[in-house]
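Residue numbering restarts at 1 for every chain, and letters A, B, ... go by the order of the sequence lines.
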There are 2 protein chains.
Amino acid sequence: MIDTDELMSIRAAELYYEENKTQDEIGSILRLTRWKVGRLLAQAKASGFIRIEIVHPRARRLPVERRLREATGLKDAIVVSSVGVAGDEELQSRTAQAAADYLTGLRPIPRTLGISWGRTLHDVSLHLKHGWAPGVDVVQINGGVSLNKRAGTAATTAATIAHKAFGAATLLPSPAILERLETKHAIESDRAVAAVLEQAAGASAYLYSAGQADEHSALVDSGYLSADEVGELVRKGAVGDIVGRYIDKNGAIVDPELDERTLGIQLEQLRRASLAIAVISGSAKHAVARAIVGSGLCTVLVTDEDTARALLGDDV
Amino acid sequence: MIDTDELMSIRAAELYYEENKTQDEIGSILRLTRWKVGRLLAQAKASGFIRIEIVHPRARRLPVERRLREATGLKDAIVVSSVGVAGDEELQSRTAQAAADYLTGLRPIPRTLGISWGRTLHDVSLHLKHGWAPGVDVVQINGGVSLNKRAGTAATTAATIAHKAFGAATLLPSPAILERLETKHAIESDRAVAAVLEQAAGASAYLYSAGQADEHSALVDSGYLSADEVGELVRKGAVGDIVGRYIDKNGAIVDPELDERTLGIQLEQLRRASLAIAVISGSAKHAVARAIVGSGLCTVLVTDEDTARALLGDDV
DNA sequence: ACCCCGTCTGCTCATATGAGCAATCTGCCC
DNA sequence: GGGCAGATTGCTCATATGAGCAGACGGGGT
């Protein structure tokens, strides 16, 4: 009867879920008591024969979120569903949307939000609704894009987020990476820059994304590094960058000399922050995500299902 | 609020289906009354955001079956689910299994079952359980495979089905297609053959499959026709063959001269039968399936979801 | 400003479902 | 064949859910 039972549970499931019959009705159809039907149904669910999916761009995966929180000690985890997604493009958009949602629902509302810049952050800024918060000041936490043609993206991101929250944006008027250490020290001690760094250090929340360590990095795109230099960093163990700083799989700085010349808040400041939100999505960023979460660089992670599962070591 | 409502229904669905919360609990989490939650959930289902799939090789698609019955006037339709299926191979096996299940559950139990032969029917015979019926005689309804190396497949199929039902198998001792019309007439009037044909004509149920019209047909494989001859039939409008006879999309005989030389029951006999079960699966057979169902050649169709949807004209 | 009509809300009540328990059955060892 | 342990069954009772309805609400039209 072992086989019969499984088959019956499938028949029952068809009638229950596809034909919306009551367990009672199914009972009389299959010549079973309604309790047996209930048990068959429970068994079918337990055996995983019944798959329930929520098909919507804004759908999240709460069970995965909980497992992530439990496994990593994150204060919070937001995982967007990746069912029915075409490419990384759409996945990143969904993740950015989720980050925007998370920010909007955040309580207490941060007074000052420190942000990095990049494609992802820009995406988040676009997904935020006008009036998402009743007054939040935004401050950049690392040097901006100013060398390349897309100049202004970083500034626009900060300005948009602040504007939509009826707050002020403070930009960090400096390159991300300086060529000479002396220049970096000089610019760092400039009153205008120092003030921003100070404000950044005192932000009540941080929001940043991460770049993968390859020639597609925004830092390469912006002209701060050459593809060769990044290749060298990868050889030294770099898995990606956050706020302009390259880290290895343990979340440690890969190249101290380069890091010295990088302007913006220190990783330690992020690690000490009580609220640091990392927004990371796409299969290319699984490694950075692992490094960030593993080394306590964020307290909240917003990501996609695939990345989350990679962090959890799920197969499939 | 239109957008908010949809988002809320998704949040509610996550909590309900992924976290097994009660609508009440969800209500207090989302700050809604439990009735609102119920409505949101109903709305999410209605909008198709909640997809419930039964993942099991023996799972059927009852709603599709009903639509098929309603749209075509079939007495019954059995549609196996094609979720998570690798190739046609697996689909055909599932369909054969379903046909075996259907035969087993059939009431009243037919006294004599007329069957054709082929890969599909053989598959069905293997899926039947020993003792599937308390006595059913089996009779072949068209000429058998005897020209090629796989000789005996047809005989084995009939014998297996009969044996497992504690009944007798009657084989049709004749080729499927004769080269000359006179030979056909001669063999047809032979006592041994005529008796079988008579028994076949009086069967209480028929079970047969169909072949697609191309060089992979079992008739080509068995050496009754050459690939060229089949190509010619296709040019004349053939979409496939059943019981050795090639039909066009209207279920009409394509080549009367060839058909005259084909030995076995007439299509009209199938059309008049009160129980004619066609077992058809695989994307290559959508066209034949349409011809068979459309021209009333079967009263019961056992098929896969894709074929069923093709018959119904569903997109997706 | 007023009213009307259609929609939405929160309710009552009937029904469906799940938890837990005692009775029964089944296989298994002696 | 007897008796025992664990599984399985059918039940009672508490709970969750869905149908249907009366009142509140909203947004045009006059």
Side-chain angles (χ1 to χ4, degrees), chain A residues 1-56 58-63 65-66 101 104-105 129-131, chain B residues 1-56 58-63 65-66 101 104-105 129-131:
Chain A
M1 289 299 174
I2 172 158
D3 193 33
T4 309
D5 242 30
E6 181 171 312
L7 187 55
M8 274 307 197
S9 76
I10 297 303
R11 295 283 161 263
E14 289 160 2
L15 292 162
Y16 193 71
Y17 291 105
E18 302 194 323
E19 299 284 85
N20 317 296
K21 302 237 181 258
T22 126
Q23 300 189 359
D24 234 355
E25 292 177 284
I26 298 173
S28 55
I29 293 172
L30 300 182
R31 297 152 187 287
L32 299 167
T33 62
R34 72 189 179 78
W35 296 284
K36 182 67 181 171
V37 174
R39 282 174 183 129
L40 248 21
L41 249 17
Q43 189 187 316
K45 260 195 232 173
S47 320
F49 296 144
I50 303 190
R51 182 183 298 161
I52 300 184
E53 269 174 359
I54 302 173
V55 191
H56 194 282
R58 309 274 282 260
R60 284 162 48 185
R61 304 308 316 275
L62 305 188
E65 294 182 358
R66 182 179 17 198
D101 290 347
T104 305
K129 287 229 286 272
H130 190 76
Chain B
M1 289 303 171
I2 172 162
D3 193 33
T4 308
D5 241 30
E6 181 171 311
L7 187 55
M8 275 308 198
S9 75
I10 297 302
R11 295 282 161 263
E14 289 160 1
L15 292 163
Y16 193 71
Y17 291 105
E18 301 195 323
E19 299 285 83
N20 316 297
K21 302 238 180 254
T22 132
Q23 299 188 2
D24 232 357
E25 293 177 285
I26 297 171
S28 55
I29 293 172
L30 301 181
R31 295 151 188 288
L32 299 166
T33 63
R34 72 189 179 80
W35 296 284
K36 181 69 182 169
V37 174
R39 280 171 185 131
L40 248 22
L41 249 17
Q43 189 186 316
K45 258 193 234 174
S47 320
F49 295 144
I50 303 190
R51 180 182 301 162
I52 300 184
E53 269 173 359
I54 301 174
V55 192
H56 193 282
R58 309 270 286 256
R60 284 163 47 186
R61 305 308 316 276
L62 305 188
E65 294 181 358
R66 180 177 19 197
D101 290 347
T104 305
K129 285 228 286 273
H130 190 75

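- Every residue meeting the salt bridge (Lys or Arg N to Asp or Glu O under 4.0 Å) condition with R66(B), not counting sequence neighbours, appears here in chain and number order: E19(A).
- What separates CG of N20(B) from C1' of dT17(D) is a distance of 15 Å, to the nearest Å.
- Nearest-nucleotide assignment on DNA chain C puts the 5′-proximal partner with L32(B), out of L32(B) and K45(A).
- Checked for salt-bridge contact, R60(A) and D101(A) miss the test: no charged N lies under 4.0 Å from a carboxylate O.
- Within the structure, ring-ring contact (aromatic ring centres under 6.0 Å, His included) pairs that include any residue of residues 13-32 of chain A do not occur (at least two apart or interchain).
- One interatomic measurement links the two molecules: CE of M8(A) to P of dT9(D), which rounds to 12 Å at whole-angstrom precision.
- Taking the salt bridge (Lys or Arg N to Asp or Glu O under 4.0 Å) definition, one finds that R61(B) meets it with E18(A), E305(B), sequence neighbours left out.
- Straight-line distance from the CD1 atom of I26(A) to the C1' atom of dT17(C): 12 Å, rounded to whole Å.
- Put simply, CG on L40(A) is 13 Å from P on dG18(C), counting in whole angstrom units.
- Rounded to whole Å, the distance from NZ on K36(A) to C1' on dT24(C) is 14 Å.
- In this structure, the CD atom of Q43(B) is 14 Å from the C1' atom of dT9(C), given to the nearest Å.
- A search for side-chain contact (heavy atoms from CB on, under 4.5 Å) contacts involving S28(B) returns nothing, not counting sequence neighbours.
- With sequence neighbours excluded, the residues satisfying side-chain contact (heavy atoms from CB on, under 4.5 Å) with A59(A) are I54(A), H56(A), S81(A), I10(B), E14(B).
- Listed by chain and residue number, K21(A), T22(A) satisfy the side-chain contact (heavy atoms from CB on, under 4.5 Å) test with E25(A) (two or more places apart in sequence, or in another chain).
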Protein heavy-atom contacts under 4.0 Å, written 5' to 3' over nucleotides 11-16 of chain D as B (base), S (sugar-phosphate only) or - (none), form the string BB----
With both pairing distances under 3.5 angstrom for Watson-Crick or G-U wobble, and | for a partner in another strand, the correct string for DNA chain C is ||||||||||||||||||||||||||||||
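- For R51(A), the side-chain contact (heavy atoms from CB on, under 4.5 Å) partners are E53(A), E53(B), V55(B), not counting sequence neighbours.
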